[in-house]
Amino acid sequence: MSYFNLKKVSTHLWELPKTGNMRVPGRIYVNDKLKSSLFRDNAIDQVRNVAFLEGIQKYSIAMPDIHWGYGFPIGGVAAMDAETGVISPGGVGYDINCGVRFIRTNLQYDDIKDQLPNLVNTIFQNVPTGVGSHHSIQQLSVSELKQVLKLGAKWPIQRGYGKETDLEAIEEFGCLKEADPEKVSSKALRRGSDQPGTLGSGNHFIEIGVIKNVYDEELAQKLRLKKDQIIFMIHTGSRGLGHQVCDDYVHEMLMKIHTLKFELPDKQLACAYIQSPLGKDYFGAMACAANFAWANRQIIMSKVEKAVLQALRTSPSELGYELIYDVCHNIAKFEDHEIDGKTKRICVHRKGATRAFGPGRKELAERFREIGQPVIIPGDMGTESYLCIGTEKAMQETFGSSCHGAGRTMSRHKALRLTNINRVMSDMRNKHIFVKAAKNKTIVEEMSDAYKNVSDVVQTMHEVGIIKKIVRSVPLGVVKG
DNA sequence: ATGTTC
């Protein structure tokens with residue numbers, strides 16, 4: 001059976017056969033409901049193009065939320081041999097370490113249902129949002145900013161934003177130690193100096209949600225989650241600093257594109273050998289941007305807690321505000337994986353894809369080593385989100401990776417053409433979701449209809465066995481940029 | 001995603 005040139009491998013898994021200069025086949029996870037959305041853009045061509053890259057292992061992988069991105073598709077995973085392979089800024093994306101954190105509380109829906117506008121407005125007043133948002137904390141000197149880039153989430157914790165144990169619930173404990181601030185341009189540093197603790201724009205958000213369904217009682221209990229509980233999610237990345245790092249290295253690599261010993265099917269796949277000076281410089285700078293993003297989410301999390309305490313006139317012990325997990329979904333990392341029966345060091349590019357490590361991985365903090373890594377998969381601002389857990393199957397099939405969200409199905413431009421602020425706001429009111437944003441335009445661009453159905457995306461990966469669903473939450477209040 | 005065209 002085939003669909004266009006895709007061959008069915010098993011339930012929800014399709015293979016793009018290896019042709020021409022592809023080094024490996026493509027593999028696409030998608031269920032029947034989402035299959036047609038695959039052909040709305042040229043993302044499958046991008047899955048094929050990525051397979052041309054030197055050092056790529058096993059497959060060029062695409063998740064069900066795949067859509068077109070710069071060079072590499074968003075919703076893609078590409079693992080390169082750490083010795084012979086290449087690293088590419090396009091395989092990480094412009095928003096380096098864009099990611100999500102999921103926070104539990106002791107609150108029940110009834111505790112806050114009359115306070116929603118107050119809660120959302122107080123958060124909005126305390127966290128700068130929107131393009132160019134700045135001055136959440138004091139402007140940092142170059143040397144202070146370099147400390148942020150070295151320390152990641154630890155930097156704000158040392159200054160009273162959150163607590164030391166938060167680090168155990170962050171991928172890499174909130175810090176890539178390879179970070180080298182000397183590889184970050186002065187322009188990138190300038191853009192980052194006043195942006196720690198700011199939300200940004202686009203699909204970034206702060207959400208107040210309530211847990212509606214529990215799929216796995218035992219795991220939910222271990223994570224201190226239950227039905228009707230109020231949770232918070234924070235989705236943001238490395239702001240102007242990460243964007244500038246990506247821009248700088250895309251240009252640098254384009255200038256040295258002739259030094260590659262193979263032909264690129266697309267200039268947007270500009271890359272460098274991982275072991276070359278340029279490849280190492282990019283990784284050192286990317287790690288800085290990743291650390292900046294973790295510091296950013298840490299500061300915002302703490303500011304949201306303060307806002308909630310203020311709005312509800314409650315105490316920290318009553319609130320029980322605690323980080324469940326923080327995932328990145330735009331990053332490259334060095335990891336050991338079993339390939340053809342041997343353990344091999346690879347550089348895993350996850351772009352619009354979440355790490356989903358199963359039980360036993362040494363990278364996980366002790367409290368997650370037995371159960372596996374929590375995987376946070378938010379929907380669009382009008383729909384549900386899922387907290388899941390990684391599995392052994394993810395380790396075998398996808399280098400320990402899963403989907404990252406709903407995935408756009410419509411361009412921002414098209415969304416603006418098709419609807420308007422009044423219609424989107426009335427849709428949100430009908431769903432009883434209170435929204436506050438820096439700009440109306442962002443709300444229109446982010447309307448639910450511009451996204452795939454996140455439940456279909458998550459269900460695909462759940463049924464394949466790459467992740468296991470734990471709980472589903474729905475939004476009550478949303479802050480956007 | 002982004003001082004949304006250095």
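So that the names make sense, note that chain A is the first sequence line, chain B the second, and so on, each numbered from 1. These numbers come from the heavy atoms of this one structure, side chains and all, not from hydrogens, waters or symmetry mates. The model shown is predicted, which means the values in this text are computed figures rather than measured ones.
In this structure, CG of Asn203(A) is placed 3 Å from P of dA1(B), rounded to the nearest angstrom. Straight-line distance from the CE atom of Met286(A) to the C1' atom of dA1(B): 16 Å, rounded to whole Å. The distance between atom NE2 of His134(A) and atom P of dT2(B), rounded to the nearest whole Å, is 15 Å. Atom NE2 of His243(A) is separated from atom P of dT2(B) by 8 Å (rounded to the nearest Å). In this structure, Arg297(A) places its CZ atom 14 Å from P of dA1(B), rounding to the nearest Å. The interatomic distance linking Tyr70(A) (OH) with dT2(B) (C1') rounds to 14 Å, in whole Å. Atoms NE2 (His413(A)) and P (dA1(B)) sit 17 Å apart, rounded to a whole Å. Note: CG (Asp194(A)) to P (dT2(B)) measures 13 Å, nearest angstrom.
Between Tyr29(A) and His12(A), the distance separating the two ring centers is not shorter than 6.0 angstrom.
Among the protein residues, His204(A) comes within range of the sugar-phosphate backbone only, with heavy atoms under 4.0 Å from sugar or phosphate atoms but none that close to a base. Within the 4.0 angstrom heavy-atom criterion, no nucleotide atom of any strand lies near Gly237(A). At the heavy-atom level, Gln195(A) lies under 4.0 Å from the strands shown only through sugar-phosphate atoms. Within the nucleic acid shown, Ser201(A) comes within 4.0 Å of sugar-phosphate atoms alone, with no base atom in reach, counting heavy atoms only.
Because its NZ or CZ atom is both nearer than 6.0 Å to the ring centre of Phe357(A) and within 45° of the ring axis, Arg355(A) counts as a cation-pi partner of that residue. Both the sub-6.0 Å distance and the 45° axial angle are not jointly satisfied by Lys351(A) relative to the ring of Phe72(A).
A salt bridge between Lys146(A) and Glu182(A) is present, with a side-chain N of the basic residue lying under 4.0 Å from a carboxylate O of the acidic one.
Side chains of Lys469(A) and Gln459(A): a donor on one and an acceptor on the other come within 3.5 Å.
Among the nucleotides dC6(B), dA1(B), dT4(B), the one closest to the side chain of Val131(A) is dT4(B). Comparing dA1(B), dC6(B), dT2(B) by their closest approach to the side chain of Lys187(A) singles out dC6(B).
Between dA1(B) and Asn330(A), no contact under 4.0 Å exists linking OP1 or OP2 to a side-chain N or O. Look at Arg239(A) and you'll find a side-chain N or O under 4.0 angstrom from OP1 or OP2 of dT2(B).
Judged by closest nucleotide on DNA chain B, Arg408(A) is the one of Arg408(A) and Lys439(A) placed further toward the 5' end.
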